[in-house]
Amino acid sequence: MCGMPSAESTRASVHEPEPVRPTKEDEVAAAGSELIGGPLGRRALLGSSWWTPVRVIALVAIGMFALGLVQKAPCYNGAWFFGASSQYTHACYSDIPHLYQGRGFADGLVPYFDRLPGDMQYLEYPVLTGVFMEVASWLTPGSGTIQYQEQWYWMVNAGMLMVCASVIAVCVTRTHARRPWDGLLVALAPTAALTATINWDLLAVALTAAAMLMWSRGRSLAFGVLLGLATAAKLYPFLLLGPLLVLCWRAGKWREFAKALGGGIVAWVVVNGPVMLFAFEGWSKFYTFSQERGVDFGSFWLIMAQNSDNPLGTETVNTLATLLMLVCCAGVAALALTAPRRPRFAQLAFLIVAAFILTNKVYSPQYVLWLVPLAALARPKWRDYLIWQACEVAYFLGIWMYLAYTTSGDAHKGLPTDGYHWAIGMHLLGTLYLCVMVVRDILMPERDPVRRSGDDDPSGGVLDGAEDVFVLGPAARSRQQDAVRFDGPPVEWGKQGASGGSL
């Protein structure tokens, strides 16, 4: 017994590097930590308390979600029901209470199967989101005034969406094992609190975050299944398969990609197949509506249309937006195959979703939720993250003030068209700024906060530390020269030695 080392002198494991502390490497995080007593000292005992990073971040996420509910209080208490512009002047609009009656849930109509009486003949949401909406309607009392029922419906949905918000925060916290505190970027995101209950996007975001966690653990099939479910709730998650394809191509991980793709297809078909088979017209409404929808809020296409005497038609915009997106996809693929070091999966996932948002003909304020977890994984740097969030908060306020202006009649309360264009510009520039920072990290890996801490691709799963088998451009020539110059084993990028190696 006397030969046993003491607890004070024993490290957890020489093979398990210490978690990265943001307050040691991020000046903004260090400054912000002064609100709770300052950075952790070098003698702090980590992992010895109930207050683990996952639990702390989950509770913070729930607290921020609750603040978002408080922000909606003026609308809950009347602005949704009385007066057109008050819900905009209070910046508390939500689709959820309005669609309870507008999409037939108050009347017990079955989504996709029963035709709606208004202009929208069928529910214009993907199937899994429709199921989410229907389940919430089952939990809503069918008696009382319509205002009472809509208030209940919003509260039920808010409770279900809060679970989704917690899942997102936990999944991001656990995806980068050595960087759990990066989850605070998600939990404290002001735009997440402001937009969480505008619509049902958090369902797809939660499934996508869970899929990213599964991929980081090397569970390709589970990743595919969850991504397929996410795509059954919202269209954008399928875009992640593009970056994954080129990364697996570069690393020669075709089997893992095939498992992910197969799992995604099966999951999507299982959800959509029955509705597609028995109610095809209702099922297809989401896709036809997306095509027929004209230029709408938040896009640079709207700025062009409102400043043109002869605006482009919907079909022309659809074609041009598709071409722009294809150009962006080609650019991301080229970046993935020619970068000096294989990009991290989260970096390319962020870039491809951001490209879709920037080129799309509509940008609803809740779409920022798609990027929040991806941004936290792709560029965990508080300064850049907060710059982007500030731009998105400006847009959040801008769109509601613009709608207040257009619905207040001769009073013109709110933001005129030119002011709204500046708000759109803030959103576009903020997103582009973060994209530039991510691209810079890819081209200069030494600037990447994640790799600077000694990791390669902690969200990459089987890609983490894998050897390249297919590279293009200067990176390929450099690899060939290294193969000639050295006879030893290949360099394992980002692998940390037993001595610690954290910068």
Side-chain angles (χ1 to χ4, degrees), residues 61-111 114 116-120 122-126 128-168 190-206 233-234 297 364-369 396-397 399-401 403-404 407-408 413-414:
I62 292 172
M64 287 294 290
F65 191 95
L67 290 178
L69 299 185
V70 173
Q71 191 267 335
K72 298 293 186 291
C75 280
Y76 182 86
N77 292 326
W80 286 330
F81 315 105
F82 310 110
S85 64
S86 58
Q87 60 186 330
Y88 304 133
T89 56
H90 288 94
C92 55
Y93 174 85
S94 172
D95 288 324
I96 295 173
H98 297 299
L99 295 188
Y100 176 68
Q101 185 176 28
R103 296 300 179 266
F105 296 105
D107 300 320
L109 300 182
V110 179
D114 293 336
L116 300 174
D119 295 335
M120 190 66 68
Y122 294 98
L123 183 66
E124 73 281 21
Y125 286 85
L128 199 58
T129 297
V131 172
F132 192 94
M133 299 163 74
E134 177 74 356
V135 170
S137 72
W138 296 342
L139 301 175
T140 300
S143 58
T145 64
I146 189 62
Q147 177 181 337
Y148 174 77
Q149 293 179 46
E150 288 179 351
Q151 288 173 321
W152 255 101
Y153 187 63
W154 181 79
M155 285 300 298
V156 170
N157 275 280
M160 296 166 66
L161 291 171
M162 183 173 66
V163 174
C164 295
S166 302
V167 168
I168 295 165
T191 57
L194 292 170
T195 63
T197 57
I198 291 179
N199 204 279
W200 292 269
D201 293 63
L202 277 180
L203 172 62
V205 179
K234 203 75 178 178
F297 298 115
S364 297
Q366 74 272 10
Y367 289 2
V368 69
L369 294 169
F396 174 85
L397 297 174
I399 186 173
W400 304 132
M401 293 304 102
L403 288 171
T407 58
S408 58
K413 297 178 180 178

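- Distance alone, capped at 3.5 Å, is enough to place a donor-acceptor pair between the Lys72 side chain and the Leu194 backbone.
- Counting heavy atoms from C-beta outward, Met162 and Leu69 have side chains that stay 4.5 Å or more apart.
- We find the CG-CE distance between Leu99 and Met120 to be 9.0 Å, quoted to the nearest 0.5 Å.
- Between the Thr89 side chain and the Ala404 main chain, no donor and acceptor come within less than 3.5 Å of each other.
- Counting all heavy atoms, side chain and backbone alike, Pro365 lies closest to Trp400 at CG-CZ2, 3.7 Å.
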Note to self: What verdict does the side-chain contact (heavy atoms from CB on, under 4.5 Å) test give for Leu128 and Phe132, after you've listed the backbone C-alpha separation in whole Å, the side-chain angles of each residue and the deciding distance to 0.1 Å?
What the structure shows: CA-CA 6 Å; Leu128 199 58; Phe132 192 94; over 6 Å; no
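- In this structure, Tyr100 and Phe105 have parallel ring planes: the angle between them is below the 30° cut-off, well short of the 60° mark.
- Contact annotation: the side chain of Ser364 never approaches that of Ile198 to less than 4.5 Å [non-hydrogen atoms, C-beta and beyond].
- Trp200 places none of its side-chain heavy atoms less than 4.5 Å from the side chain of Met160.
- Here CG of Leu123 is found 7.0 Å from CG of Leu116. Values are rounded to the nearest 0.5 Å.
- Smallest separation of non-hydrogen atoms from Pro190 and Met64: CA-CE, 4.4 Å.
- Residues Ala136 and Asn157 share a closest heavy-atom pair of CB-ND2, 3.4 Å.
- Checking Trp154 against Glu150 by side-chain atom types alone, no donor-acceptor pair falls below 3.5 Å.
- With values rounded to the nearest 0.5 angstrom, Thr145 atom OG1 is found 7.0 Å from Gln151 atom CD.
- In this structure, CD in Gln87 is found 8.0 Å from OG1 in Thr407, a value given to the nearest 0.5 Å.
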Check: Can you list the steps and then say if Leu161 with Ile96 is a side-chain contact (heavy atoms from CB on, under 4.5 Å)?
Finding: CA-CA 12 Å; Leu161 291 171; Ile96 295 173; 4.0 Å; yes
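- Taking each heavy atom of Ala91 and Phe396 in turn, the nearest pair found is O-CZ, 3.5 Å.
- From Ile62, atom CD1 reaches atom CG of Leu67 across 12.5 Å, with rounding to the nearest 0.5 Å.
- Formation of a donor-acceptor pair under 3.5 Å by the Thr129 side chain with backbone atoms of Ala233 is found in this model.
- Under 3.5 Å, the side chains of Tyr76 and Trp80 contain no donor-acceptor pair of N or O atoms.
- A side-chain donor-acceptor contact under 3.5 Å links Gln149 to the backbone of Gly144.
- In Glu124, the CD atom is crowded: over 12 heavy atoms of neighbouring residues, nucleotides or ligands sit closer than 6.0 Å.
- The shortest distance between side-chain heavy atoms of Tyr153 and Pro97 does not fall below 4.5 Å.
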Note to self: I'd like to know whether Tyr93 forms a side-chain contact (heavy atoms from CB on, under 4.5 Å) with Ile399, so could you lay out the CA-CA distance, the side-chain angles of the two residues, the decisive distance to 0.1 Å, and finally the verdict.
What the structure shows: CA-CA 11 Å; Tyr93 174 85; Ile399 186 173; over 6 Å; no
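- Summarising the geometry, atom CG belonging to Asp107 is positioned 10.0 Å from atom CG belonging to Asp114; distances are rounded to the nearest 0.5 Å.
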Note to self: Phe65 vs Leu202, test: side-chain contact (heavy atoms from CB on, under 4.5 Å). Steps then yes/no.
What the structure shows: CA-CA 12 Å; Phe65 191 95; Leu202 277 180; 4.0 Å; yes
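- Residues Ala206 and Cys164 share a closest heavy-atom pair of CB-O, 3.7 Å.
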